[in-house]
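Beneath this line is the structure, given in structure tokens, with notes to follow.
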Amino acid sequence: MSKNRINISMPSLTDAKIRRKLGVETIKYELDPKYKDLGKGKTYYIFTYGCQGNEADSEVMAGILESIGYTKSDDPFMSDLVLLNTCCIRENAEVRIWGVLGQLKGRRKNNPDMLVGICGCMPQEESATKKIIESYDVDIIFGTHNRHNLPKLIYQAYFTKAKVVEVLSNEGNILEGAPKVRELKHKAWVNIMYGCDEFCTYCIVPYTRGKERSRAKEDIINEVKELVKEGYTEVTLLGQNVNAYGKDLGLDYTFGDLLYDLDKTGIKRIRYTTSHPRDLDLKTMEAMRDCRSVMPQLHLPVQSGDNDILKIMNRKYTHEEYMAKVNKLRELVPDISLTTDIIVGFPGETEEQFERTLELVKEANFEGAYTFIFSPREGTPAFKMKDDTPESVKHDRLERLIALVNEGYLRGNERFLGQEVEVLVDGESKNGEGMMCGYSRHLKLTHFKSNDLSLIGKLVKVKITEVKTWFMIGDLVED
Ligand code: SAM
Ligand code: SF4
């Protein structure tokens with residue numbers, strides 16, 4: 001592209017690997033008054049891809065944009081500012097984003113003043129940023145550690161007409177006090193920590209998200225208390241490995257302690273994601289047993305059931321250790337619903353090793369799983385591992401795994417047939433006219449007959465009359 005470039009900083013995967021014992025900077029968000037009306041009379045649209053962490057980041061960016069005068073648009077292609085908050089966990093996540101960038105290129109012809117920004121995980125990759133700069137018509141490129149600089153970056157892009165690139169490959173910071181526009185009025189994301197220090201050999205996240213860093217417990221508790229005051233019913237605590245909460249703070253205060261404290265805030269429902277099996281401790285399991293607000297549901301990614309593959313993945317637990325935690329959890333929270341993540345076709349995975357995964361899926365009695373074919377990510381150790389399993393074999397394994405997992409989904413719903421479940425109502429159901437839907441305490445999608453929109457955000461009782469693989473159907477129980 002012919003545009004000049006304000007090349008503030010480019011990503012470096014080498015720098016992103018470094019973990020120093022430096023303290024973590026907490027940035028108190030403050031808006032420079034010179035940007036106060038930057039977006040006045042203008043519209044924005046944010047495309048969000050990937051995990052809940054990205055959804056939470058988009059809510060912060062929306063808050064920052066609205067604080068400088070932008071209003072949300074319904075039509076991305078007619079907006080004055082379009083941001084793509086990206087994911088690069090697997091190759092197909094990136095392929096979608098190249099597609100949207102291509103579409104935007106055409107639409108800019110009708111709207112030449114439109115600013116296009118790309119942010120989130122993709123710009124943290126050296127090769128992706130190079131490709132964006134060289135091949136796409138993008139004005140602003142920034143990463144995961146500097147979303148608070150958004151007003152400055154927009155200002156530079158508007159007034160210099162240059163391509164602005166600011167991607168920091170450091171260990172990251174903690175942003176407090178930034179405005180947020182939350183997507184929903186009854187369920188909220190609450191970040192409790194950022195980054196990841198696990199370095200699973202297939203995963204790009206520790207390079208794109210920086211080191212593991214926990215927010216101060218007071219900030220988290222105050223945020224949840226505020227949400228209770230605003231009428232929120234459910235929070236989902238977010239982090240790549242929430243079970244490691246507090247380790248970096250060097251205090252005698254862990255994730256289990258945080259659950260007990262949050263239970264006292266008056267919030268009715270607490271969920272959390274994601275858990276690393278190695279760090280899931282007894283206190284957390286006891287908090288799940290003791291706190292009514294902590295939902296009887298857990299996403300506990302296992303990745304593989306084979307000990308050799310787990311070792312090469314650097315997961316730091318064995319099949320047997322994983323099952324011991326599952327069994328302890330079921331002892332303390334007998335009706336818990338467990339879900340997981342599984343990767344098939346990791347480099348060198350044999351048929352026997354894959355079958356160990358199938359065995360574990362049966363033993364753990366999962367009620368759902370996200371299943372993936374291994375996707376090589378440049379910069380990770382697994383990228384360079386010899387991978388001679390044919391694609392057709394990987395697809396066949398994935399299909400067999402999905403068939404088994406689907407049996408678990410259905411079994412998980414069947415156990416509620418004839419029972420009354422508590423549902424937090426999200427809205428009208430896409431399953432047909434006159435139906436509404438929400439999630440039960442065990443995170444089961446539940447549809448029921450009603451067109452009473454005033455129920456949105458409320459907890460209702462539903463008697464389950466029919467179950468399918470992906471959802472349950474029932475009748476509203478009037479009090
Ligand atoms: N921190 C969480 C954990 O450890 O489970 C989730 C991280 S990641 C956003 C979500 C899932 O993507 C992982 O659990 C893993 O199954 C999958 N994943 C990560 N890297 C992958 C890769 N290179 N290929 C295929 N799947 C991958
Ligand atoms: Fe990736 Fe492993 Fe960290 Fe999860 S725990 S984000 S899979 S490195």
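Indexing begins at 1, ligand by ligand and atom by atom, following the structure's order.
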For atom 2 (Fe) of ligand 2, decide whether C203 has an N, O or S atom at a distance under 2.8 Å. no

What is the closest protein heavy atom to atom 8 (S) of ligand 2, and at what distance does it sit? C200 N, 3.4 Å

For ligand 1, protein residues within the heavy-atom limit of under 4.0 Å are I89, R90, Y202, Q240, T274, P301, Q303, R315, D341, I343, F372, I373, F374, S375, R377

Can you tell me if CD on E183 sees more than 12 non-hydrogen neighbours from other groups inside 6.0 Å? no

Can a donor-acceptor pair be found between the side chains of N85 and T48 at a distance below 3.5 Å? no

For R19, look at atom CZ and say whether over 12 heavy atoms of other residues, nucleotides or ligands are found less than 6.0 Å away. yes

Is R315 near ligand 2, meaning one of its heavy atoms is under 4.0 Å from it? yes

Enter the distance from C203:SG to R209:CZ here, rounded to the nearest 0.5 Å. 11.5 Å

Distance from atom 3 (Fe) of ligand 2 to nearest protein heavy atom, with residue and atom: C196 SG, 2.3 Å

Atom OH of residue position Y439 - does it have more than 12 heavy atoms of other residues, nucleotides or ligands inside 6.0 Å? no

S79 (side chain) donor-acceptor with V82 (main chain) under 3.5 angstrom: no

Show which atoms of ligand 2 fall inside a sub-4.0 Å distance from at least one heavy-atom site of P206. 8 (S)

Can you tell me if CZ on R411 sees more than 12 non-hydrogen neighbours from other groups inside 6.0 Å? yes

Neighbour count >12 (heavy atoms, 6.0 Å) for atom NZ, K316: yes

Confirm or rule out an N/O/S atom of H276, from backbone or side chain, lying less than 2.8 Å from atom 3 (Fe) of ligand 2. no

Please indicate whether K394 has more than 12 foreign heavy atoms, meaning atoms of other residues, nucleotides or ligands, lying under 6.0 Å from its NZ. yes

Could you find the nearest protein heavy atom to atom 7 (S) of ligand 2 and give me its residue, atom name and distance? Y202 OH, 3.4 Å

Within the 6.0 Å centroid threshold, strictly below: Y207 and F199: yes

Identify, for atom 6 (S) of ligand 2, the protein heavy atom at the shortest distance, and state residue, atom and that distance. Q240 OE1, 3.5 Å

